[in-house]
Amino acid sequence: MTTEESTVPSNFIRKMVEEDNQTGKFGGQVHTRFPPEPNGYLHVGHAKAICLDFGIAAEYGGLCNLRFDDTNPVKEEEEFVESIQEDVRWLGFDWEDRLFYASDYFDQLYQWAVQLIKNGKAYVDSLSADEIREYRGTLTEPGKESPYRNRSIQENLDLFERMRAGEFENGTHVLRAKIDMTSGNLNMRDPVMYRILHAAHHRTGDKWCIYPMYDYAHGQSDSIEGITHSFCTIEYEDHRPLYDWFLDELGVYHPRQIEFAPLNLSYTVLSKRKLLRLVSEKHVNGWDDPRMPTLSGLRRRGYTPESIRDFCERIGVAKNESVVDIALLEHTLREDLNKRAQRVMAVLRPLKVVIDNYPEDQVEEFEVINNPEDPDMGSRKVPFSRVVYIEREDFLEDPPKKFFRLAPGREVRLKSAYYITCVDVVKDEQTGQILEVHCTYDPESRGGGTPDKRKVRGTLHWVSAAHALDAEVRLYDYLFSKPDPENVEEGSDFTANLNPDSLESLTFCKVEPDLAKAAPGSRYQFLRQGYFAVDPDSSDEKLVFNRAVSLRDTWAKIQKTQKK
RNA sequence: UGAGGGAUAGUUUAAUGGCAAAACAACGGACUCUGACUCCGUCGUUCCUGGUUCGAGUCCAGGUCCCUCAGCCA
């Protein structure tokens, strides 16, 4: 089924997995997992991890689990476990019956903690949070051992059991691993394994009032599920010795943690904390605002799962800190939609064109190709009449060099219809604004070509005024006006770089009647403009489109250099 | 004299010790009933210094710069 393009470059993770397969480290098996915390929406950065986790497993004939890392009941919500599943599925991946939760393992984790206490490898500490921090030392100075570090195993067992039973208040005791307070790696300075949290958990309810920390839960969850390769971002590199320590001390099956660099994208932010701020401070209209880099935002914007997967393939996987140019994301969308999106004519900023020599009440229908890249997509009929709308920017009274579009005395082609020549311009006497343009058409050019094969430089899209549908079109630009939103003056933050023009809503657009059947979520190429998706806000009364990405615009570039 | 990690075109990622490559971006051109698409071309002291070698991005030594870690978050 997979027609291997063989152009896919290798990466260090594939090499490590292949090496393990060759040495038989995991019996040739590959079993990965995608482990989101259900405390927010997934974004493209997660897509990179998802594609890696599910992709590597599929590539080597293995499996990938979906596991919610739900060890902190005060931050996690059911709403997020649903949106996460929806997003992973939409991206095109299937965990089949392997949907797990770290909370599924709370009993086992508790028993293992007891085992570590019995082995003298864990103890109950009764220092306050502040004291623990002080005792931890600093990056350059070693920590000090807690005065509670050498409690007897019996006492530890008793206290831990009473922690579980709910005898103590939040923050009064924690269970800690007994490792090395002088380690250069802070994670090894007797890390906290359990804290008391009198809070209801979204799945276990009030069964527990002590909850395991990430470091204690993650590796063991991997172990329980028989994960072979546990991929995570490089921030966890310092945690690997601890990941290994728990597994070794417990003497259980030991997966391999491998770290890779997280995705950064120009002109956007990719951290749950910052995305949450954008939402809560109303800089955007929710998690699925089409300007958001969340998967739900990209989906609403019009991105296809295929284009996002292609993007994730192309950016590669490495350990370097990097910032990927958002232009690459846009490119993969254009490439995908170029092959698949039906072409349609839509006039965003209408300018009325009256064709003086065209019969008053005549209507013709022209056959228009749906997609020149794919003949199988067929054609449709588009009505034409005496008054049409064209794009305001396609007419200039005083055209500069290299302007190929309509201007006084100039002939252009109306796509798939007729050649027209501008003969007059009607302006508002007060404001000077152009109200309408008058043209004549050449009946010989019917369908868009003439017997004499004469060339016209410009071909314009158009919509018959009498048949046009009204639509709202939302144009999006980058959410931030700087490639690095964090590049701000002292005392300021990334919100200072928010692009005030990231959303432009056009409410008087005219689109061709074929769009009456456009279903929410469906994607089109508006000829000469870009790719657009029908927004969920769209209705029969009022069509609403989102611009997913514009077409490359050479003319805009020429204009820019002309201005200089 | 804390620990760990990283450095290859503008960007991202490749390259059993054997001609430094691809994609994106930019720029120039061809084509065009989308100024789209497509096609062609241009754009490099592999962080530095030395060493090993017939041959080093790759191996060795020393250095420089950047990132991460001091939550009872994940």
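Everything numeric in this text was worked out from a predicted model, so none of it was measured. In what follows, chains carry the letters A, B, and so on, assigned in the order in which the sequence lines appear, proteins first and then strands, with residues in each chain numbered from 1.
Among the atoms of the strands shown, none is found under 4.0 Å from any heavy atom of A/Ile196. Backbone-only contact: A/Ser10 has heavy atoms under 4.0 Å from sugar-phosphate atoms and none from a base. Residue A/Asp238 is classed as a base contact, given a heavy-atom separation below 4.0 Å to a base. A/Leu328 comes within contact range of the sugar-phosphate backbone alone, with a heavy-atom separation under 4.0 Å but no base atom that close. Within 4.0 Å (heavy atoms only), A/Lys402 reaches at least one base atom of the nucleic acid. Backbone-only contact: A/Glu37 has heavy atoms under 4.0 Å from sugar-phosphate atoms and none from a base. Base engagement by A/Lys75 is indicated by at least one non-hydrogen atom pair under 4.0 Å involving a base atom. Within the nucleic acid shown, A/Arg240 has no heavy atom closer than 4.0 Å to any nucleic acid atom. Heavy atoms of A/Phe403 sit under 4.0 angstrom from at least one base atom. A/Pro36 comes within 4.0 angstrom of no nucleic acid atom, judged by non-hydrogen atoms across all strands.
Between A/Gly448 and A/Asp325, the one whose closest nucleotide on RNA chain B sits nearer the 5' end is A/Asp325. Mapped onto RNA chain B by nearest heavy atom, A/Gly449 and A/His218 fall at different nucleotides, with A/Gly449 at the one closer to the 5' end.
Between the side chain of A/Arg405 and the base of B/rG35, a donor-acceptor pair under 3.5 Å is found. Side-chain to base pairing of A/Arg343 with B/rU34: one donor and one acceptor N or O lie within less than 3.5 Å of each other.
In this pair, A/Tyr214 does not lay its aromatic ring on the base of B/rA74; centres under 5.5 Å and planes under 30 degrees do not both hold.
With P as the reference atom, B/rG41 and B/rC59 are 34 Å apart, rounded to whole Å. Between the C1' atoms of B/rC19 and B/rU58, the separation comes to 16 Å (whole Å). When the P atom is used for both B/rC40 and B/rC47, the distance is 30 Å, rounded to whole Å.
Between A/Asn187 and the phosphate of B/rC69, there is no side-chain N or O to OP1/OP2 separation shorter than 4.0 Å. Contact annotation: A/Thr71 reaches the phosphate of B/rA74 (side-chain N/O to OP1 or OP2, under 4.0 Å). Here A/Arg189 does not reach the OP1 or OP2 of B/rA70: none of its side-chain N or O atoms lies under 4.0 Å away. Side-chain N/O atoms of A/His461 include none lying less than 4.0 angstrom from OP1 or OP2 on B/rU34. Between A/Arg552 and B/rC37 there is a side-chain polar atom (N or O) within less than 4.0 angstrom of OP1 or OP2.
The closest side-chain donor-acceptor pair between A/Glu373 and A/Asn371, if any, does not fall under 3.5 angstrom. Side-chain contact check for A/Tyr441 and A/Glu411: no donor-acceptor pair (N or O, by modelled atom type) lies under 3.5 Å. Looking at A/Asp514 and A/Gln342, their side chains do bring a donor and an acceptor atom within 3.5 Å of each other.
If you check B/rG71 for Watson-Crick or wobble pairing at under 3.5 angstrom, you find it has no partner at all. As the counterpart of B/rU16, no nucleotide is assigned, since no Watson-Crick or G-U wobble pattern has both distances under 3.5 Å. B/rU38 and B/rA30 make up a base pair, with Watson-Crick or G-U wobble contacts both under 3.5 Å.
Cation-pi geometry between A/Arg176 and A/Tyr123 is not met: the NZ or CZ atom fails to fall both under 6.0 Å from the ring centre and inside 45° of the normal. Remark: A/Arg547 is not positioned above the aromatic ring of A/Tyr531, lacking an NZ or CZ atom under 6.0 angstrom from the ring centre and at most 45 degrees off the axis.
Taking the charged nitrogens against the carboxylate oxygens, A/Glu335 and A/Arg314 do have a contact shorter than 4.0 Å, which makes a salt bridge.
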